[in-house]
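The chains referred to below are lettered A, B, ... by the order of the sequence lines, with proteins before strands, and numbering in each begins at 1. Values reported hereafter were calculated over all heavy atoms of this structure, with side chains retained and with hydrogens, waters and symmetry mates removed.
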Amino acid sequence: MNYEPQNIEKKWQDYWGKNNLYKTEEGADKPKCYVLDMFPYPSGSGLHVGHFKGYVATDIMARLKRMQGFNVLHPMGWDAFGLPAENYALKTGIHPAITTEKNIVNIKNQMERAGFSYDWGREISSADPAYYKWTQWIFLKLYEKGLAYKKLLPINWCPSCKTGLANEEVVEGKCERCGTETTKKDIEQWVLKITDYADRLLNDLEGLDWPDKIKEMQKNWIGRSEGWEISFPIKGGTEEIKVFTTRADTLFGCTYAVLAPEHPLLEKLAQKIENESDVLDYIEEAKNKSDRERISEVKEKTGIKIIGLTAINPVNNKEIPIFVADYVLGHYGTGAVMAVPAHDARDFDFAAKYGLPIIRVIKPASGEIEEEKAFVDDGVLFASDGFDGLKSEQAREKIGEHLEKQNKARKTINYKLRDWVFSRQRYWGEPIPIIICEKCGIVPLSEKDLPLELPKVEKYEPTGTGESPLAAIDDWVNVECPKCGGKAKRETNTMPQWAGSCWYYLRFLDNKNDKELVGKDKEKRWMPVDLYVGGAEHAVLHLLYSRFWHKFLFDIGVISTNEPFQKLRNVGLVLAADGQKMSKSKGNVIAPEQVADEFGADTLRIYEMFMGPFDQAIGWNTQGVSGVYRFLNRTWDLAANLYGKEKSSEKVISETNKLVRRAAVDLEKMKFNTCVAFFMEYINFISDNKEHWGRDCVEKFLKIFSPFAPHFCEELWSNIGNNQSITLEKWPAVDEKSILEEKIVMAIQINGKMRGKIEIPADLDKGEVEDIAFNDSKIAPWIQGKEIKDIVFVPNKIINIVIK
RNA sequence: GCCUCGGUGCUGGAAUUGGUAUACAGGGCGGACUUAAAAUCCGCUGGUCCUUGACCUUGUGGGUUCGAGUCCCACCCGAGGCACCA
């Protein structure tokens with residue numbers, strides 16, 4: 001009987017489904033393990049082998065943990081709101097809900113063919129009103145607690161499509177759809193106060209078992225920096241310029257101050273500005289710059305001197321000029337900086353261009369100052385009055401405190417993280433549950449009116465004013481104010497793509513609950529997620545947003561955990577054979593069902609794990625796939641024939657136990673590629689000892705191999721006469737006693753170079769090994785007549801003879 | 001520019017964390033089987049030479065060590081992220 005995956009895989013998939021083998025029991029008296037994939041967007045072209053790489057890994061981990069006695073939760077659902085469905089609707093007029101539903105059926109089918117052990121009873125879709133009711137509920141809670149507010153904000157605007165765009169829709173400063181350069185436009189936006197959580201989001205990273213890279217990215221994104229806010233009085237008035245600096249130590253080198261074009265002082269002191277019209281022109285110009293222009297001007301700084309205003313450096317009372325320049329950002333710090341060209345690269349560029357003085361006040365602790373550029377590192381102060389000779393680090397504190405006593409400085413912290421712009425001028429997203437009344441202003445819907453369902457529309461085009469298509473549905477938009485009964489309109493913006501994915505992992509725990517977002521007991525039982533797997537591209541979007549919402553839900557007592565994802569691992573991309581990213585437009589996409597048709601799902605699963613380290617990007621190699629298929633065929637022939645009948649030889653038992661031990665160790669570390677290599681080495685060994693491979697070891701092998709190749713192992717398991725599914729078997733214990741203490745091969749080095757090997761019993765002591773080594777025919781000539789200086793002995797590994 | 005990873009045969013990669021570099025696979029070459037091909041099976045496969053043995057070899061150059069792919073310093077190259085964040 002040959003290995004014919006096409007004939008066995010469907011059979012077992014049906015069997016698992018019919019017998020509900022992967023349904024998670026709520027009350028089970030076992031430790032829990034929550035294994036989660038990032039849920040996919042149900043794309044019309046289906047998923048490709050790259051998506052499946054992560055799913056295979058979690059499936060293996062889920063199956064392993066079940067066998068190890070855990071109660072495993074392994075669910076799957078759909079991140080169903082999103083642009084492609086809406087764009088498709090724009091073209092065809094078919095409602096996104098219909099296309100989405102069709103795509104889900106298709107992708108679910110792809111998944112079932114791969115033998116994934118999801119508990120489909122917990123399936124959710126973020127576009128389902130029963131689900132987004134709770135997304136809206138969370139929004140109401142955020143609003144109630146003052147964490148959602150409306151603000152006039154400059155957003156990306158495509159002048160050709162006449163619509164606002166999300167940041168993700170602007171690629172290199174151009175509209176993703178039509179390629180027109182985008183500008184900024186002020187539109188009223190809903191914004192979430194994620195900045196209130198900046199410190200907690202930063203500090204709690206420490207306790208998470210996440211890749212360092214992702215933690216680092218979140219840290220940088222949050223961008224906490226400690227410094228001083230210093231006041232520079234404006235000469236001849238009561239106003240002052242507040243600047244934020246992390247380099248108070250350079251204060252004596254400050255030769256001018258710069259305001260961002262948006263700085264409010266400019267308007268306030270307009271009458272005093274002698275060159276007001278020039279300044280206004282510059283501000284207007286800066287505002288209208290496209291993103292592309294801004295990026296390309298990083299090197300070439302522009303600005304204008306304000307004539308009529310002078311600032312005073314509080315540390316030495318020197319008068320300095322004030323500039324407006326767009327290299328200073330209005331939204332960071334105080335929107336103004338003290339410029340120290342000698343010790344800041346940007347200020348140096350600006351000063352060089354406008355001929356401003358450069359005064360050095362810091363010198364390196366050792367070495368010389370380079371004349372033609374800024375010295376930006378910490379060093380030792382000079383030309384700084386009473387602070388000369390101090391190191392930068394101390395000087396920052398001393399100078400700050402000195403000014404603080406005169407009320408001219410205070411210690412402060414700034415973050416790069418900005419509040420989250422939460423509204424989109426789009427149709428296919430969660431409606432924001434808010435009514436805007438002519439009299440009462442913003443009125444939130446009451447909880448009992450949720451879900452606020454997305455109404456059916458005729459046309460999906462944006463209205464042209466930058467509003468979502470919802471704005472055109474008069475009988476939906478125009479409502480009575482719930483508070484005063486007067487005329488009111490609904491909020492027509494929708495929530496961004498990220499909203500539904502911020503909390504979906506909670507809904508899997510209790511997907512049918514219509515009273516609560518998640519039952520308290522269930523949340524307590526299952527959270528946090530024990531293993532979360534997905535691409536690194538979500539490092540600062542989804543993974544930061546959901547930590548924010550999770551902490552918020554914790555604060556309002558909905559959940560008992562402080563962080564959602566205890567352990568995170570990134571899946572590396574699967575590239576096409578040519579090393580390019582797989583994409584529909586390049587035509588280099590490989591569909592999982594294609595591979596399953598030709599070689600079977602088990603080959604697909606094992607190949608994806610074997611191709612290389614799990615978190616690394618690796619190109620697809622069709623020949624590599626057939627290599628795995630060959631391996632399965634050879635294994636099948638050996639296991640199906642059971643040459644050795646019931647009992648294996650001592651040596652085979654020993655090797656089998658070693659395999660169990662090695663496999664468990666590498667699986668725990670998710671080193672799937674080496675784990676597959678162990679299986680191959682084992683089968684190579686069995687192939688030379690096939691007559692000694694008995695039922696005892698075949699069964700053990702099938703058990704530990706089954707997470708990788710569930711159909712393959714299930715079929716062989718039943719062929720040998722087992723009636724119960726192999727997925728219900730226990731992970732075998734390692735029988736340490738059966739592992740033969742064999743002779744080991746030890747290396748002999750002379751001066752660190754390998755000169756020979758000896759086969760000796762394990763655990764010999766230094767003296768015994770020396771005797772053997774000195775008498776070895778290969779070694780003797782090397783030490784003949786030489787003075788032995790030292791002998792380094794590492795038990796069971798090497799002996800190194802150091803000679804002169 | 002800054003931050004974070006990486007650089008090992010022809011290719012994907014392994015190396016118990018300082019202890020026998022190149023596991024496992026792919027590809028190639030040779031052989032068996034076959035009328036032939038595919039499939040399968042067996043063998044060889046880092047380089048150089050004076051080929052019995054020795055020397056060289058983990059991006060480059062230094063260093064630490066009895067011993068370095070692994071640690072330290074400098075540099076080169078590649079990937080990802082951030083990008084005027086004061």
What nitrogen or oxygen pairs link the protein and nucleotides 41-47 of chain B at under 3.5 Å?
none

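- In this structure A:Asp597 satisfies the side chain to side chain donor-acceptor pair (under 3.5 Å) test together with A:Arg113, sequence neighbours excluded.
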statement: A correct 5'-to-3' footprint of nucleotides 9-18 of chain B, with B, S and - meaning base, sugar-phosphate only and no protein heavy atom under 4.0 Å, is ---BSSSB--
Per-pair distances, 0.1 Å, donor-acceptor, side chain in residues 611-623 of chain A, under 3.5 Å, sequence neighbours excluded:
| residue | atom | partner | partner atom | Å |
| --- | --- | --- | --- | --- |
| A:Asn621 | OD1 | A:Gln623 | N | 2.9 |
| A:Asn621 | OD1 | A:Gly624 | N | 3.3 |

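- Scored by the side-chain contact (heavy atoms from CB on, under 4.5 Å) test, A:Glu285 finds no partners at all (sequence neighbours excluded).
- B:C55 sits 43 Å from B:C3 when the C1' atoms are compared, rounded to a whole Å.
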Taking N or O atoms only and anything under 3.5 Å, show me the protein contacts with nucleotides 50-54 of chain B, one pair per line.
none

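- For residues 602-612 of chain A, the side-chain hydrogen bond (donor to acceptor under 3.5 Å, both in side chains) pairs, not counting sequence neighbours, are A:Asp59-A:Arg605, A:Asp602-A:His711.
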Output a table of nitrogen or oxygen pairs between the protein and nucleotides 64-73 of chain B separated by less than 3.5 Å.
| residue | atom | partner | partner atom | Å |
| --- | --- | --- | --- | --- |
| B:C66 | O2' | A:Asn800 | ND2 | 3.3 |
| B:C66 | O2 | A:Asn800 | ND2 | 2.4 |

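- Residues passing the side-chain contact (heavy atoms from CB on, under 4.5 Å) test with A:Ala345: none are found, sequence neighbours excluded.
- Ring geometry for A:Tyr629 against A:Tyr3 counts as tilted: the plane angle lies between 30° and 60°, on a 0 to 90° scale.
- For the P atoms, the distance from B:U4 to B:C75 is 15 Å, rounded to whole Å.
- Taking the ring centroids of A:Phe610 and A:Phe631, they lie at or beyond the 6.0 Å cut-off.
- To the nearest angstrom, C1' of B:A83 lies 12 Å from CZ of A:Arg418.
- Legend: residues meeting side-chain contact (heavy atoms from CB on, under 4.5 Å) with A:Glu216, ordered by chain and number and at least two apart, are A:Lys219, A:Asn220.
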message: Both atom distances under 3.5 Å, Watson-Crick or G-U wobble: I'd like the secondary structure of RNA chain B as a dot-bracket string, with | for pairs made across strands.
response: (((((((..(((......[....)))((((((.......))))))((((...))))..(((((..]....))))))))))))....
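- Evaluation of the side-chain contact (heavy atoms from CB on, under 4.5 Å) rule for A:Glu393 yields A:Arg396 as partners, not counting sequence neighbours.
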